[in-house]
Amino acid sequence: NSTYLKIEAKSVRAMIRLILLTLTILSTSCFAAPDTAKKLRRDAESFMVNKDYVSAEKTLTKVIRLEPNVASNYFKRARVLQRRGKRESAVRDLRRAIENSEKPYDAAHISLGKLLRRLGRCEEAVTHLRKAIEINPKRNEMKIKSEMNAASRCANRYGDIRKILGNSFETLQDFKSVPENALRHV
């Protein structure tokens, strides 16, 4: 009976040590991440100021790994990606910023609307610019009025082209998706 109690006491002590070790590891990693992410964000801002967009992108990617649900991290990386000419990646990050935001993110809608217009995706651009105005009418209506007008004109032209071309429009869209090197042999 006493042997059994000694073994059980050793098991309990081992279990307590394991729990304490686990708590130490968890508390260290939980409290270290925000400080680390904060420092990395400052580093990324510094890289952006110095126009070192490659380092800024890498640094913001590290921040996103630490804080994957923070909308502003995606928004900042989208700015860097645009500077690097990675527009489709920037679109994805802006969409993530909008999805991860706890409250409506009008700046992300504005940036996404402008970027989509530049990419010729005018109907989507209008949608996001309107959303930005809905979120904050006083601040955004005048701020993006010219962008909204340009996107609306673009969307109207795009719609007119679709009406004129009809089924041919879809054929043209399919043709655009053919890789360039495949056309060289034709």
Side-chain angles (χ1 to χ4, degrees), residues 14-148 150-151 154 177 179:
M15 189 66 107
I16 290 172
R17 272 190 245 128
L18 183 61
I19 291 170
L20 289 174
L21 178 64
T22 304
L23 288 172
T24 304
I25 291 169
L26 287 175
S27 66
T28 304
S29 64
C30 289
F31 294 115
D35 290 339
T36 304
K38 192 175 184 179
K39 183 194 178 312
L40 287 170
R41 266 193 298 279
R42 278 195 307 264
D43 292 347
E45 289 293 328
S46 177
F47 288 132
M48 289 170 64
V49 167
N50 293 317
K51 298 184 182 188
D52 182 357
Y53 300 119
V54 173
S55 297
E57 180 184 348
K58 287 178 184 176
T59 304
L60 287 166
T61 299
K62 290 176 186 175
V63 172
I64 288 170
R65 280 192 202 117
L66 290 171
E67 299 176 334
N69 297 321
V70 177
S72 61
N73 294 335
Y74 290 100
F75 183 78
K76 289 175 185 178
R77 189 171 69 175
R79 286 183 16 220
V80 171
L81 291 167
Q82 286 184 66
R83 302 271 180 164
R84 296 201 58 213
K86 297 180 175 183
R87 291 188 172 130
E88 287 301 328
S89 295
V91 167
R92 278 192 298 280
D93 271 8
L94 288 168
R95 289 187 195 283
R96 286 185 194 131
I98 291 166
E99 290 168 10
N100 287 331
S101 183
E102 293 177 11
K103 58 183 179 164
Y105 202 165
D106 59 329
H109 282 286
I110 292 169
S111 293
L112 184 55
K114 288 179 177 182
L115 180 56
L116 289 168
R117 187 184 68 78
R118 284 189 216 111
L119 291 171
R121 291 153 59 185
C122 305
E123 292 170 346
E124 281 183 271
V126 169
T127 301
H128 285 283
L129 294 169
R130 280 187 182 142
K131 184 68 176 171
I133 292 171
E134 285 174 24
I135 293 168
N136 194 340
K138 289 181 181 176
R139 187 178 106 177
N140 294 326
E141 196 159 6
M142 292 309 292
K143 183 177 179 182
I144 59 173
K145 187 176 182 179
S146 63
E147 188 69 37
M148 183 66 162
C154 175
S177 67

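Reckoned from all heavy atoms, side chains included, excluding hydrogens, waters and symmetry mates.
Between Ser111 atom OG and Asp93 atom CG the span is 12.0 Å, to the nearest 0.5 Å. Between the CD atom of Glu45 and the OG1 atom of Thr59 there is a distance of 11.0 Å, given to the nearest 0.5 Å. With rounding to the nearest 0.5 Å, the separation of NZ in Lys131 from CD1 in Ile110 is 13.0 Å. Summarising the geometry, atom NE2 belonging to His109 is positioned 12.0 Å from atom CG belonging to Asn136; distances are rounded to the nearest 0.5 Å. A distance of 6.0 Å separates CG in Leu115 from CZ in Arg118, rounded to the nearest 0.5 Å. In this structure, CG in Leu129 is found 6.0 Å from CD in Glu147, a value given to the nearest 0.5 Å.
No donor-acceptor pair closer than 3.5 Å links the side chain of Ser101 to the backbone N or O of Ala97. Checking side-chain atoms of Tyr74 against main-chain N and O of Asn69 turns up no donor-acceptor pair under 3.5 Å. Put simply, the side chain of Ser46 never gets that close to the backbone of Arg42: no donor and acceptor are under 3.5 Å apart.
Across every non-hydrogen atom of Arg41 and Asn73, the tightest pair is NH1-OD1, 3.3 Å. Considering all non-hydrogen atoms of both residues, Tyr105 and Ala71 come closest at CE1-CB, 3.8 Å. The two residues Ala44 and Ala56 come nearest to each other via the heavy atoms O-CB, 3.9 Å.
Considering only heavy atoms from C-beta on, Arg96 stays 4.5 Å or farther from Ile64 through its side chain. The shortest distance between side-chain heavy atoms of Asn100 and Val70 does not fall below 4.5 Å. Contact of the Ile98 side chain with the His128 side chain is registered, since non-hydrogen atoms from C-beta on lie closer than 4.5 Å. In this structure the side chain of Arg83 never reaches within 4.5 angstrom of the side chain of Met48, judged on heavy atoms. Here the side chains of Arg92 and Arg95 are not in contact, with every heavy-atom distance at 4.5 Å or above. Looking at heavy atoms from C-beta onward, Leu94 lies in side-chain contact with Gln82 at the 4.5 angstrom threshold.
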Give the intermediate values and the outcome of side chain to side chain contact (heavy atoms under 4.5 Å, CB included) for residues Leu119 and Glu88.
CA-CA 9 Å; Leu119 291 171; Glu88 287 301 328; 3.6 Å; yes
Before giving the answer on side chain to side chain contact (heavy atoms under 4.5 Å, CB included), spell out for Arg121 and Val91 the whole-Å C-alpha distance, their side-chain angles and the decisive distance to 0.1 Å.
CA-CA 11 Å; Arg121 291 153 59 185; Val91 167; 4.0 Å; yes
Is there a side chain to side chain contact (heavy atoms under 4.5 Å, CB included) between Val54 and Lys58 once you walk through the steps?
CA-CA 6 Å; Val54 173; Lys58 287 178 184 176; 3.9 Å; yes
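Using a cut-off of 4.0 Å between Lys/Arg side-chain N and Asp/Glu carboxylate O, Glu67 and Arg77 are scored as not salt-bridged.
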